Asker: 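I have a structure here, written as structure tokens, and I will follow up with some questions on it.
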Amino acid sequence: MKTEKRKKNGKPLSVKDFKSDRNVKWCPGCGDYMILSMMQKTFTQLDHAKEDIVCISGIGCSSRLPYYLNTYGIHSIHGRAPAVSTGLKLANPDLSVWVVSGDGDSMAIGGNHFIHACRRNLDINIIIFNNKIYGMTKGQSSPTTPIGMKTKTAPYGSYEPPFNIGELAISAGATFFARVPDKSPQLLGEVMMEAYRHKGTSVIEVLQNCVIFTDGIHEKLTDRETKDENQLVLTQGEPMVFGKQNEFGIQIDGMKLKKVRLEDKDSANTLIHDATEEETQQHIALAKLQLPDFPVAMGIIRNTESTSFEEELHNIIEQSQKKSSYKNLQELFHSGNTWEVQ
Amino acid sequence: MKTEKRKKNGKPLSVKDFKSDRNVKWCPGCGDYMILSMMQKTFTQLDHAKEDIVCISGIGCSSRLPYYLNTYGIHSIHGRAPAVSTGLKLANPDLSVWVVSGDGDSMAIGGNHFIHACRRNLDINIIIFNNKIYGMTKGQSSPTTPIGMKTKTAPYGSYEPPFNIGELAISAGATFFARVPDKSPQLLGEVMMEAYRHKGTSVIEVLQNCVIFTDGIHEKLTDRETKDENQLVLTQGEPMVFGKQNEFGIQIDGMKLKKVRLEDKDSANTLIHDATEEETQQHIALAKLQLPDFPVAMGIIRNTESTSFEEELHNIIEQSQKKSSYKNLQELFHSGNTWEVQ
Amino acid sequence: MPDTKSKMKMRKAVVRFSGDSGDGMQLTGEIFSQSSGSAGNDLTTIPDFPAEIRAPQGSIGGVSSFQIQIGGTEIYTPGDEVDVLVALNPAALSANLKFLKPGGTVIADRDNFKKKFLKKANYDENPLEDGSLEDYQVLAAPASSLTKEALKNLGLDMQSVTRSKNMFALGIVYHLFNRPMEPTIDFFEKKFKGKPKVIQANMRALKAGYYFAETTDVLPASIVIPPADLPKGTYRNINGNTAIAWGALAAAEKSGKKLSLSSYPITPASEILHEIAARKDQGAIVLQAEDEIAAVCAAIGASYAGNLSITSTSGPGISLKTEAMGLAVIAELPLVIINVQRSGPSTGLPTKTEQGDLAQALYGRHGEAPLIVMAASSPDDCFFYGYQACRVAMEHMTPVVLLSDSYLASGKSPWRIPSLDELPDIQLPEYEGEAEDWAPYLRDPEFLNRYWKIPGEKGYEHRIGGLEKEDISGHLTYDPENHEKMVHLRQEKIDRVAKKLPSQEITGAQSGNLLVVGWGSSYGAINSAVIELLEEGHENVGFTNFNYLSPLPENTAEIFEKFDRILVCELNTGQFANYLRTKLPMFTYEQFNKNQAQPFFTSEIKSEIIKILEA
Amino acid sequence: MPDTKSKMKMRKAVVRFSGDSGDGMQLTGEIFSQSSGSAGNDLTTIPDFPAEIRAPQGSIGGVSSFQIQIGGTEIYTPGDEVDVLVALNPAALSANLKFLKPGGTVIADRDNFKKKFLKKANYDENPLEDGSLEDYQVLAAPASSLTKEALKNLGLDMQSVTRSKNMFALGIVYHLFNRPMEPTIDFFEKKFKGKPKVIQANMRALKAGYYFAETTDVLPASIVIPPADLPKGTYRNINGNTAIAWGALAAAEKSGKKLSLSSYPITPASEILHEIAARKDQGAIVLQAEDEIAAVCAAIGASYAGNLSITSTSGPGISLKTEAMGLAVIAELPLVIINVQRSGPSTGLPTKTEQGDLAQALYGRHGEAPLIVMAASSPDDCFFYGYQACRVAMEHMTPVVLLSDSYLASGKSPWRIPSLDELPDIQLPEYEGEAEDWAPYLRDPEFLNRYWKIPGEKGYEHRIGGLEKEDISGHLTYDPENHEKMVHLRQEKIDRVAKKLPSQEITGAQSGNLLVVGWGSSYGAINSAVIELLEEGHENVGFTNFNYLSPLPENTAEIFEKFDRILVCELNTGQFANYLRTKLPMFTYEQFNKNQAQPFFTSEIKSEIIKILEA
Ligand SMILES: Cc1ncc(C[n+]2csc(CCOP(=O)(O)OP(=O)(O)O)c2C)c(N)n1
Ligand SMILES: Cc1ncc(C[n+]2csc(CCOP(=O)(O)OP(=O)(O)O)c2C)c(N)n1
Ligand code: SF4
Ligand code: SF4
Ligand SMILES: [Mg+2]
Ligand SMILES: [Mg+2]
């Protein structure tokens, strides 16, 4: 209701409307710029009015983003953006809430809030800028740092097995998960719009390049030469094929996925992508595909229907209000045993 | 090395050796008693000497356990036992470390430490007493409380989708996951012993009955009448069959599992359990099987090989010590630019 | 009813109900409280039950007790010493005899004093028979057997029959205190509606006890407590946790805001969460968060969204909320943080009371992060301070820490139910200028609070956060002078709240020799002590109890100046005394402290004061 | 080298190198520090770089600076006002001119003062030409072009050539201060081993600058700073973070314990974690935890396991560690918590300095949870206090909070490298009685610490935790008297550490009119101020700086008594002053506070003292 009213009254918004008056202070060349710009672009297309959008972040280079976005926003504390947004969204379910976070912010200190946001399925959109490093604090390992990579805290090479963000999110209950490289703006825009449309927690992992500390870390995936072979771009209802000439496909083999070079005969067995499937196994398997044996899955891996947490809660509130023995506070206060003093 | 020395010198231990002098204070009938008793029994069979065992817990009814176990132990703070044990195990990898926790302790406040313990693959054993409620604080919802159940904090019925502990653990990286009802002591003992033998983080979910707040919550699984049909007890290398006459089996259907009534012809397709398989999909699918459509999987669902975190770290320490430019601290202190004042 | 006993008038009396955890002592006590309230007495109650969820039956560890002080005068504590002790089994007697006054009355269930239970309570001999109770008046009633008798033919199972003996004991107490049974029978009918057998069982047991007492000669006289002189109105008993929850609900209604509560369970604060979770039926928006950090962060989100936002916890939870509280301070968001203190440090003695978290409330955050600190002083005034905390938070755009404690949380006292009209108005910090002139950190010139603009308001889009900001514009800045300005400004904003606070008042002497100072829940014991001392002729003693701690009321120094000596009494090692030393260093503070994880006794305070007066 | 200039002797001088973030100013400064150290000067340095990881080139926000004070006398601060300012571009000049003394020297790269860069620095006119610098001595050298000239034919890419201009500037400064170039050229050879072109480039640029200065007449006289009178030994420059890390490594080695560090990265503490992570080559066991809570909990685990266990962080991280610190207190485990303070509240000004977390260190936990608090006062003494913190923690079985701050962390001063023998012995709390007599909370009769028995020791199996425990046995108990005893005992254990601490000492007047009090890192500025005042004839002023805050040194009151007035200077609103008011309420404390997220200037302290003396 509210949404429609706003749409009618407002004049169409432009990217400029979403630019704040603050100077953007990321390093020149940082992948964060593209994400910001796609958010601004996406926001012009939302059904929500500008004043009904809230962007909440934690701490990190990525988490500076709300300052550059002319909406309501909170630059909160390290790792806590999902928690802050949970309180906010429950308090006012009419808002469109966007969480912006880094791989350290959401996978290290914020891991608990992240998995609980996924579990609850609050209708918020969480964008994780995965540069596989702590940018803001100058180059320490994060829980997505690959084994072997040298960082300030792993001077002899990292030896911690990294999280796969998609696997963790889906297992924790996320009903929407997508992955996009910062270098694919169009896909990023589409994914953001789908995340917006999806009811429930949407997690978008953006493979983001940090020019200072992990420059080129996603290169194999984004390089013009190699990207067709190394990205499996998923489209709902379409077969999972990739390669310059779509010469490869993904098929199943027991409960695993296998990569095949497509000959005419086996293209029939190529999996058709269904992000809306309830079961998580296939989505998890897709999220886990890695180089060099497999391409990395991009686009919307999971997108299933279910009631959002705030709907559930507000339904219960409504129901219990209807059924309550107390019409108002005074009745509550006077319930049970009372007595008069004259 | 150490272990062997100890074994030789010590006399065989009995359950009594592991009983502390404190009165056990759980409610009469609580499922925790059985878990304690199976731990004490298992400990008599370990290669580790009694003084090399440490039991670390958080806060909750379950977390009182270390007081009743005559080993070294820490009753730490709510949710933090995996973190405490990480520091302890890294400091002294020779110890056998057992974490005891509740569903609230490890899935709510301790969720982050839990997933990071699974990710790192430290060689510790985490036993989660899953009574699907906060016992100690008298009956609030936990992240494993089923939807619809009334609790002190969900007086109108719970509306939060619960975590599946196994799914979360495996996705976070756990190399060992098992599930056992408190009413199956023998299986519990076997699983504990396997967890002990397994190198890396072992997670054991015990379906524990809280006689006060969730009495009978696991009844369908443990009741003599129904348990054969409702439990799928997994054994390494054996087909996945269940039912009073093993008349049902589990097979695959795309990337999903399906339950079939076994006729001679299709028993060949019945899955053979392989807990050692690297890929996680099948283990996750097993961990997620639920009533009423499926039996619940019990026993060791996943048990894969990999180097433990403390081994990795101590290897690097050794390597870097060998390669270091500084033989000792004095050399470090004098490295770089120094000058003399006479 | 024929009145066969002589009557003894008492100004106040303390009754303690005790028995096994399964004996229903809390309910028994509650019913007696209600009947006392209805009889016009003032009262205060306190439960005392095992830390274990279910301790072994008949053991000393498993004793559950309920203490109540009732009076024809104002009652501030559940009483130091007990006049009447109900002990349903040997363990209850063993655990509670130490509280009984010399000459006090014991009402015991003789049937339960058999070998098995005596042994569990470490008695070699039956104390009802071996003469060890000769300093007391003992009514050893065959409660179990007479209850069984009274309930036969009802068709109830044995367990239900046995359990009804608590009502038998209550019947004896009713007779002892000349209480009418009708209102209680009405209560049974309401509470057990649809379960006629249970109603019957309770009623019959109650009556059996009453008539047993009437026909026995053991109790020398029945006691009459005249009604107390309380303000007119409708009353109910309330505990501190419910009162805080209701105070917040009232503040939401009065301010026209929705109430958001985000909490994580912890003893002894959980009940606030339980109550508000049940109050979804009043529109409350409740989140049981995954931990205390999530709870306070969600509360910050709800506050930014424009709701009246609160989070409730106890010590360990507060420690976890520390970081986010700093964010609320620098962001200048309204937020109420309720700390129902328990005994520390660390996990400490989680079911016991202490005033140990004051220093943390004042100084617990990194950097200079001032906020409001207030404390409730009785179970019923938890309602008012719950309300006030919400009001001050919203009016001044600041986090407020409200300190309660285990003692207030579980204790009960009669609460006069106010109408919403009686409660002070809540003036939300509404911006009234032009949209163009507004800025996120534009301030009210008098109180320095900023204005509360919330998502959904067009043209007021703005970002807040934890980085230092330029005043007014809210833009990030590293400017040294600006930081200095903001540090002072945030403190000054808190200090100016004092202008709105009521003056600090003194009970007893308005000037003189000794001013006794308390804060929060020590109020009851100190007040009783000082009143008794005044009655005993110590005219030189005054008492003042602080509910507002940061900022202190404006006239604090003025009051302190009027006395030669100042004695600060608190349940910690001197945290408030130390705070006063920093705020008003010109005075000398003596201390009386207790660190036993239990409230002050009136007698302790009295003798300390006398010691000082006589020194 | 022919000496063509007159020489000017100075006792101390301040040089500030500034340029764009890409200009290598930090390295330039470091090299100058080393050469100053080698020349026998005492010194203190401080870097000052943008908060952004990479700010736009040529902008004022992108200026990176490095300041150093060198002296033939002891040097305690990087200096208030600058004698020589190197400014490689207009932005650097614009940002730093305010620090330059009237009459001071500017060394600028004339080649960079062109339109584009002038504009970025908001200059309409070229300040090197418009006369606006006429109060200063200006050497506008064509640094870029001469460097290019000097490096031609080397075959280096343009960028490397351009970048070498910092060495040209350094060459000028070397000539100005009569510094030999050889040691620096040796350094190039070591640092750039295997890259002969880079060695050549740096060397040529340095020499070009040197000879340019020699042949130009603009600088009137070259400066000679005589060597300072420092204790004999081998020295190196060290910053506070490295010094703390090394102090802990030394304590581990000295005590025969392994070092465990569990930390989560945070500015400005991360470097301690980086350094110890690299010191796996010395056997250090390092965990980068998932958050600060995990870090402190892992540290508790490592401590129970028997390692020297530390955790390092800054304000927001400390707030998160609060709860677990309480566990370490009640469990009585050795643990060092390092807080490299930054400017708060909340995220605050994360790269800036403040002494804002003292009150939190003292009172930040729920319940009564006393621990040791100490603070380092210079970059080099961070080594000693790092060592001491570890020593006290282990000897007394207690958590210790060590306070450093951003200023100490990034500043450098010369450190005389000690041998391990020189360091105080560490006496581990070894139990020497019979195994049967041992109990987990059995205590040393003198210092009340319990003994450290660790997993692996047969016959000493025991459990610890956060619940209140009976003394000696460690069994859980709710006994009221026991709790009171334990509350006092935990405090007394901390207080008794004072017996082992050195006496607090006074600089300047040992009694008299005014005692200036500081703590931690304010030492440098206050000490310089007081020394200057003494030299100027203010004989009545003494100065004492506290490194041990909880407990205070035993002779603190004794010292305070000797002065008429006490002035407490600190970078917060008065946290230490307030603490003193609670500990020693018999004295009156005046305050001088600064909340600008930057250290005191010597001049500020001086003028405050003079104001007080003259009042
Ligand atoms: C409680 C707390 N701990 C640590 C920090 C320091 N800190 C700020 S950002 C950050 C990590 C940022 O990494 P990431 O989330 O990956 O964001 P990026 O900078 O890479 O975008 C850390 C550790 C903090 N601000 N607060
Ligand atoms: C920081 C903190 N928050 C809250 C609590 C209160 N608390 C103690 S145990 C517990 C939950 C216990 O539930 P669970 O882990 O499922 O254990 P159970 O008692 O059911 O075995 C809670 C919330 C606490 N002790 N510390
Ligand atoms: S440090 Fe990396 S992530 Fe941060 S702004 Fe620079 S390029 Fe971007
Ligand atoms: S409350 Fe439940 S979980 Fe706790 S001891 Fe009792 S039965 Fe066991
Ligand atoms: Mg990152
Ligand atoms: Mg539980």
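Just so it is clear: chains get the letters A, B, ... in the order the sequence lines come, proteins before strands, and each one is counted from 1. The structure displayed is predicted, hence computed values, not measured ones.
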Asker: CD1 of B:Ile127 to CD1 of B:Ile35: how many Å apart, nearest 0.5 Å?
Answerer: 7.5 Å
Asker: What residue, out of B:Thr86, B:Ile77, B:Asp21, has the most heavy-atom pairs lying under 4.5 Å from chain D?
Answerer: B:Ile77
Asker: Given the options D:Ile464, D:Ile285, D:Asn307, D:Leu467, which has more heavy-atom pairs under 4.5 Å with chain B than any of the others?
Answerer: D:Ile464
Asker: Using a cut-off of under 4.5 Å for heavy-atom pairs, which of B:Pro66, B:Gly73, B:Ala91, B:Gly336 has the most such pairs with chain D?
Answerer: B:Gly73
Asker: Please classify the contact of B:Ser76 with chain D as side chain, backbone, both or neither, using a heavy-atom distance under 4.5 Å.
Answerer: both
Asker: Measure distances from D:Val296 to the heavy atoms of chain B and classify the residue's part below 4.5 Å as side chain, backbone, both or neither.
Answerer: neither
Asker: Given a strict heavy-atom distance threshold of 4.5 Å, which part of D:Glu253 is in contact with chain B: side chain, backbone, both, or neither?
Answerer: side chain
Asker: So for B:Ser63, is it side chain, backbone, both, or neither that comes closer than 4.5 Å to the heavy atoms of chain D?
Answerer: neither
Asker: Salt bridge check, D:Glu30 against D:Lys412: does any charged N sit closer than 4.0 Å to a carboxylate O?
Answerer: yes
Asker: Counting heavy-atom pairs under 4.5 Å with chain D, which one of B:Gln330, B:His314, B:Lys323 comes out on top?
Answerer: B:Gln330
Asker: Look at the rings of D:Phe384 and D:Tyr387 and say which category their plane angle falls in: under 30° parallel, 30 to 60° tilted, over 60° perpendicular.
Answerer: parallel
Asker: What distance do B:Phe176 atom CZ and B:Ile170 atom CD1 have between them, rounded to the nearest 0.5 Å?
Answerer: 11.0 Å
Asker: Would you say the ring centers of B:Phe114 and B:Phe163 fall short of 6.0 Å from each other?
Answerer: no
Asker: Chain B heavy atoms under 4.5 Å from D:Pro183: which part of the residue, side chain, backbone, both or neither?
Answerer: neither
Asker: What part of B:Glu340 is in contact with chain D, defined as an atom under 4.5 angstrom from a non-hydrogen atom: side chain, backbone, both or neither?
Answerer: both
Asker: Report yes if the side chains of D:Leu476 and B:His75 come closer than 4.5 Å at any heavy-atom pair, otherwise no.
Answerer: no
Asker: Pair D:Lys469, D:Glu332 - check salt bridge (Lys or Arg N to Asp or Glu O under 4.0 Å), show working.
Answerer: CA-CA 11 Å; D:Lys469 45 195 59 58; D:Glu332 305 188 41; over 6 Å; no
Asker: With a 4.5 angstrom heavy-atom cut-off, which part of B:Lys89 approaches chain D: side chain, backbone, both or neither?
Answerer: neither
Asker: Give the C-alpha distance, both sets of side-chain angles, the deciding distance and a yes or no for side chain to side chain contact (heavy atoms under 4.5 Å, CB included) between B:Asp32 and B:Leu65.
Answerer: CA-CA 8 Å; B:Asp32 292 359; B:Leu65 189 139; over 6 Å; no
Asker: At a 4.5 Å cut-off on heavy atoms, which part of D:Ala284 comes close to chain B: side chain, backbone, both, or neither?
Answerer: backbone
Asker: Mind ranking D:Ala302, D:Ala294, D:Gly37 by heavy-atom pairs under 4.5 Å with chain B and telling me who comes out on top?
Answerer: D:Gly37
Asker: Below 4.5 Å from any heavy atom of chain B, which atoms of D:Tyr460 appear? Answer side chain, backbone, both or neither.
Answerer: both
Asker: I'd like to verify something: which residue of B:Arg119, B:Arg64, B:Glu310 has the highest number of heavy-atom pairs under 4.5 Å with chain D?
Answerer: B:Arg64
Asker: Do the charged groups of B:Glu51 and D:Lys453 touch, with an N to O distance under 4.0 Å?
Answerer: no
Asker: Give the member of D:Gly283, D:Ala331, D:Gly466, D:Ser262 that has the highest number of heavy-atom pairs under 4.5 Å with chain B.
Answerer: D:Gly283
Asker: Please work out which of the three classes, parallel, tilted or perpendicular, describes the rings of D:Trp415 and D:Trp246, given edges at 30° and 60°.
Answerer: tilted
Asker: What's the separation between atom OH in B:Tyr326 and atom OG in B:Ser320, rounded to the nearest 0.5 Å?
Answerer: 12.0 Å
Asker: Picking from D:Ile238, D:Ile293, D:Asp186, which has the most non-hydrogen pairs under 4.5 angstrom with chain B?
Answerer: D:Ile293
Asker: Relative to chain D, which of B:Leu90, B:Asn328, B:Leu332 shows the most heavy atom pairs under 4.5 Å?
Answerer: B:Leu332
Asker: By a 4.5 Å heavy-atom criterion (distance strictly below it), what part of D:Tyr235 contacts chain B: side chain, backbone, both, or neither?
Answerer: both
Asker: Ring centres of D:Tyr304 and D:His462 under 6.0 Å apart?
Answerer: yes
Asker: Report which part of D:Lys191 has an atom under 4.5 Å of a heavy atom belonging to chain B: side chain, backbone, both, or neither.
Answerer: neither
Asker: Between D:Arg279 and D:Asp281, does any NZ, NE, NH1 or NH2 come within less than 4.0 Å of an OD or OE carboxylate oxygen?
Answerer: yes
Asker: Based on non-hydrogen pairs under 4.5 Å, which of D:Ala305, D:Cys297, D:Gly465 is most in contact with chain B?
Answerer: D:Cys297
